[in-house]
S.K.: 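I have a structure here, written as structure tokens, and I will follow up with some questions on it.
FYI, side chains are in, hydrogens and waters are out, and symmetry mates aren't considered; it's all heavy atoms of this structure. Per chain, numbering begins at 1; letters A, B, ... match sequence-line order.
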Amino acid sequence: MPTEILMPALSPTMEEGNLSKWIKKEGDAVAPGDVIAEIETDKATMEVEAVDEGTLGKILIAEGTEGVKVNTAIALLLTEGESEADLDKAASKPTAEASDEANDDAEQDEPEDKAGGSVPAAPEVKAAADPDIPEGTEMVSTTVREALRDAMAEEMRRDGDVFVMGEEVAEYQGAYKVTQGLLQEFGDKRVVDTPITEHGFAGVGVGAAFAGLKPIVEFMTFNFAMQAIDQIVNSAAKTLYMAGGQMGAPIVFRGPNGAAARVAAQHSQCYAAWYGHIPGLKVVMPYTAADAKGLLKAAIRDPNPVIFLENEILYGQSFDVPKMDDFVLPIGKARIHKEGKDATIVSFGIGMTYAVKAAEELAGEGIDVEVIDLRTIRPMDLDTVIASVKKTNRLVTVEEGFPQSSVGAHIASQVMQRAFDYLDAPVITVAGKDVPMPYAANLEKLALPSVAEVVEAVKAVSYRS
Amino acid sequence: MARAASKTSAARSRSTKKGAAGAAVQAPKPPKPEDFDKEQELHAYREMLLIRRFEEKAGQLYGMGLIGGFCHLYIGQEAVVVGMQMSMNDGDQVITGYRDHGHMLATGMEARGVMAELTGRRNGYSKGKGGSMHMFSKEKKFYGGHGIVGAQVPLGTGLAFANRYRGDDSVSITYFGDGAANQGQVYESFNMASLWKLPVVYIIENNRYAMGTAVARSSAETDFSHRGLSFKIPGIQVDGMDVRAVKAAGDLAVDWCRSGKGPIILEMQTYRYRGHSMSDPAKYRSKDEVQKMRSEHDPIEQVKQRLVANKWADEDELKAIDKEVREIVGDSAEFAQTDPEPDVSELYTDILL
Ligand SMILES: Cc1ncc(C[n+]2csc(CCOP(=O)(O)OP(=O)(O)O)c2C)c(N)n1
Ligand SMILES: [Mg+2]
């Protein structure tokens with residue numbers, strides 16, 4: 001049977017074109033690579049080359065025809081052993097127009113076909129509960145800074161593939177002293193000072209993780225990780241998926257995040273919502289020292305890229321940390337910081353400082369608030385939030401980041417979709433103001449959320465004022 | 001580990017240097033610093049002294065809690081900006097990082113406005129909203145004041161792009177540190193600047209440290225004047241503690257750019273006396289090292305000695321200059337403490353036009 005020569009596509013988006021010229025005539029011999037016709041679209045012209053050897057048997061689309069659909073047969077090629085008589089055999093095949101229709105049909109069918117296999121539901125992520133802390137376990141008052149250092153040191157003792165790299169992490173002992181003592185214990189092979197080249201060393205970290213190491217990449221602050229965000233999102237987060245599960249990046253990116261004090265717009269930004277947006281990342285943002293330790297250990301062991309958002313102001317704060325050989329907490333599990341029945345406040349990281357103080361103030365006014373520390377931004381433990389909302393029927397979220405597309409905005413939307421009937425008031429999302437962080441002391445205070453705003457929000461959802 | 005690696009690659013780049021430089025760029029000869037005349041010496045002395053006294057005062061105010069956040073002092077490096085300013089024309093632009101107080105004073109920005117910005121007050125150059133690291137003056141062609149290490153390098157290259165685009169003969173003076181010189185965007189900028197022959201003088205202020213990291217611990221090529229070689233950008237090493245050497249190199253570089261030859265690099269070998277910022281105890285270097293620089297290479301002392309030796313100024317005249325400078329600085333500090341904080345309505349202004 002003669003071979004059909006089809007209208008080619010010049011680009012992935014081309015649907016039709018003009019057959020401007022036939023270079024070969026019926027009866028001409030053609031060899032692979034011979035130019036047989038010219039086609040054009042509104043963007044370009046292109047030569048159609050023969051793929052097979054033979055004789056141009058019949059031209060089906062005349063020179064000058066416009067709007068020829070891609071994949072329409074434009075000519076028939078007689079290959080070895082075939083003659084003009086064989087052309088009739090092709091006549092029973094769909095003609096150009098008929099095949100047009102066939103194409104149209106196919107196009108129309110397509111969406112239905114896809115709909116036939118409807119979009120599967122996103123799998124539910126269930127995090128394990130926190131481990132039981134054996135009765136009588138000694139609690140040691142520890143700063144967040146020490147807890148983070150201990151977590152890294154313990155994991156580095158446990159696994160020779162874990163190493164730390166970043167600016168000033170080794171000889172200077174860390175710009176914020178989080179890596180204090182690590183160089184002395186583990187040496188400069190495993191505690192590596194880098195030049196100020198965030199995009200470069202983040203990429204080097206991801207490459208090392210591809211090769212099976214388990215880097216902890218410290219950013220002096222997450223503000224500087226904006227230099228590296230392409231490697232974090234495009235290389236670290238997406239590779240597992242793009243590689244069909246063959247390889248990914250077991251890496252931790254950590255460092256202080258959010259506003260410190262009076263360091264102005266370029267150094268004061270919360271990235272929880274930014275990274276929380278990205279499939280392929282886990283995002284952790286602890287408040288207490290115990291959570292910082294248990295979750296950083298989990299992050300280092302996690303086979304995925306984990307963004308670990310710390311806070312400079314929290315570094316020096318002390319909390320009880322259980323003295324255990326191996327205290328690891330589950331990523332993706334919220335913690336009920338304080339039980340209550342009248343309203344729920346959800347927060348995370350330094351946002352918890354406002355939430356906790358507001359809850360204390362409100363207790364004095366007879367409002368019993370449940371405070372949930374999200375701990376992980378992605379995957380987010382909405383079940384715990386929703387269970388609480390079903391109990392209290394009122395919800396306020398608190399964070400320092402910008403208000404639009406914030407973590408709180410996501411929680412509010414999810415609660416609205418999953419627990420609408422349980423809400424007695426619209427959710428209020430308390431966030432940083434929608435402005436770059438100002439330097440002046442008075443403006444900076446206004447730009448950040450305040451305990452008073454949280455108190456007011458809880459009263460508003462409780463219809464008390 | 002880092003140290004071993006830097007040694008080998010430094011050797012490698014040195015061996016390739018000759019060929020690249022020879023074939024690629026007719027590197028200008030490092031100029032011999034010419035002696036200043038009396039007027040120039042007096043000018044340099046006063047300008048450098050103003051910066052020094054200003055920075056000392058800023059350090060004091062920081063200690064009193066009147067300045068917050070990060071505050072990076074320029075003490076020790078004064079000759080760099082003062083010498084460069086003497087080479088510049090009106091219309092030439094300046095851009096730098098966060099160690100920017102000296103650059104602003106050198107461009108002629110008011111001490112009052114800079115100090116009031118440091119204290120976050122409404123008459124500061126950014127209405128109190130930018131602080132130490134983020135100040136600008138369109139009038140003085142000072143384009144900031146940038147907190148992200150290296151970010152000013154493409155920006156300064158863009159200023160040069162605009163100059164060439166408009167066909168005016170202004171030059172962009174783009175300052176950055178030895179640490180910043182390792183950022184990738186610096187090299188992306190070098191390539192474009194050279195490709196498009198943009199009038200930009202890249203000034204690498206090599207004060208030997210990026211925070212606590214000495215140059216040799218971060219840089220495979222520690223001769224920063226060579227950093228442009230693979231982009232065909234010539235470079236010169238300059239004694240950045242000698243204001244005459246800075247001016248001589250500045251004259252050459254600015255002429256180079258104005259005559260359409262494209263970008264040029266000046267590595268200013270300098271030193272900061274204080275810690276990286278107010279919160280840095282600077283344990284990574286010895287007191288002796290600092291003391292030696294101060295006593296043997298101080299940029300202001302050098303000028304002072306020449307003024308006295310040439311009998312161009314006696315003790316009284318120098319004291320009078322000192323007094324005038326102290327008055328300006330004292331006045332700026334006074335102003336910066338009495339000027340009110342910005343009005344709260346400023347919280348939501350200047351976000352979009
Ligand atoms: C992208 C980025 N990374 C890290 C920092 C933190 N940081 C601020 S200054 C500095 C050192 C820069 O040293 P250098 O370029 O030599 O300039 P110098 O401070 O010596 O003037 C670092 C690491 C930052 N501001 N931006
Ligand atoms: Mg430096």
Side-chain angles (χ1 to χ4, degrees), chain A residues 163 165 167-177 183 187-203 220-221 223-228 230-231 259-269 312 432-448, chain B residues 1-4 6 66-71 98 117-122 124 126-135 146-151 177-186 210-214 217-220 276 279-280 283-284 340-344 346-351:
Chain A
F163 69 98
M165 113 174 142
E167 293 160 21
E168 309 286 1
V169 295
E171 295 205 5
Y172 198 78
Q173 307 288 302
Y176 296 100
K177 300 288 175 273
L183 173 69
D188 64 4
K189 178 182 166 202
R190 297 182 67 195
V191 186
V192 184
D193 275 329
T194 63
I196 310 171
T197 51
E198 287 84 3
H199 197 197
F201 70 71
M220 194 176 281
T221 79
N223 300 289
F224 315 141
M226 270 207 283
Q227 302 276 326
D230 180 72
Q231 289 291 6
R262 307 287 309 280
V263 293
Q266 292 183 332
H267 285 71
S268 313
Q269 199 161 302
E312 192 194 329
K433 305 302 176 295
D434 201 12
V435 304
M437 183 63 73
Y439 168 72
N442 64 332
L443 299 185
E444 184 186 57
K445 207 179 270 168
L446 295 176
L448 290 165
Chain B
M1 185 189 104
R3 205 163 306 155
S6 76
L66 287 159
I67 296 174
F70 293 127
C71 184
Y98 43 83
E117 189 59 41
L118 295 184
T119 54
R121 305 305 171 95
R122 66 177 59 175
S126 302
K127 302 182 194 163
K129 292 155 110 172
S132 165
M133 300 185 285
H134 318 105
M135 269 185 255
H146 297 272
I148 301 301
V149 167
D178 47 280
N182 291 323
Q183 281 285 34
Q185 52 185 324
V186 170
M211 282 181 110
T213 303
R217 292 204 303 115
S218 68
S219 296
H276 167 74
S279 54
D280 170 26
K283 288 196 207 134
Y284 42 82
E341 287 188 312
D343 193 87
V344 294
E346 290 287 354
L347 184 64
Y348 282 104
T349 58
D350 307 320
I351 296 165

S.K.: If you round to the nearest 0.5 Å, how far is CD of A:Q173 from OH of B:Y284?
M.R.: 14.5 Å
S.K.: Considering only heavy atoms from C-beta outward, does the side chain of A:K433 approach that of B:Y348 to under 4.5 Å?
M.R.: yes
S.K.: What heavy-atom pair brings A:I196 and B:A210 nearest, and what distance separates the two atoms?
M.R.: CD1-CB, 3.9 Å
S.K.: Which atom names give the shortest non-hydrogen contact between B:G130 and A:A264, and what distance separates them?
M.R.: O-CB, 3.5 Å
S.K.: Working to the nearest 0.5 Å, report the span between CD of A:E198 and CD of B:Q185.
M.R.: 9.5 Å
S.K.: I'd like to know if the side chain of A:D193 reaches the main chain of B:R217, judged simply by a donor and an acceptor atom lying under 3.5 Å from each other, with no hydrogens or angles considered.
M.R.: no
S.K.: What heavy-atom pair brings A:N442 and B:V344 nearest, and what distance separates the two atoms?
M.R.: ND2-CG1, 4.4 Å
S.K.: Considering only heavy atoms, which portion of A:A441 lies under 4.5 Å from any heavy atom of chain B: side chain, backbone, both, or neither?
M.R.: both
S.K.: So, using side chain to side chain contact (heavy atoms under 4.5 Å, CB included) as the criterion, who are the partners of A:E168 when residues are at least two apart?
M.R.: A:Y172, A:M220, B:M211, B:T213
S.K.: So for A:E167, is it side chain, backbone, both, or neither that comes closer than 4.5 Å to the heavy atoms of chain B?
M.R.: neither
S.K.: Taking every non-hydrogen pair under 4.5 Å, which of B:D343, B:L118, B:D350 racks up the most with chain A?
M.R.: B:L118
S.K.: Name the option with the most non-hydrogen atom pairs under 4.5 Å to chain A; the candidates are B:N182, B:L347, B:I351, B:V186.
M.R.: B:L347
S.K.: Sub-3.5 Å donor-acceptor pair from the side chain of A:Y439 to the main-chain atoms of B:K127, do we have one?
M.R.: no
S.K.: Quick check on the interface: out of B:I67, B:I148, B:T119, who has the most heavy-atom pairs with chain A under 4.5 Å?
M.R.: B:I148
S.K.: Mind checking whether B:Q183 and A:H199 have side chains closer than 4.5 Å, heavy atoms only?
M.R.: no
S.K.: How many angstroms lie between atom NE2 of A:H267 and atom NE2 of B:H134, to the nearest 0.5 angstrom?
M.R.: 6.5 Å
S.K.: Quick check on A:M226 against chain B: is it the side chain, the backbone, both or neither that has a heavy atom closer than 4.5 Å?
M.R.: neither
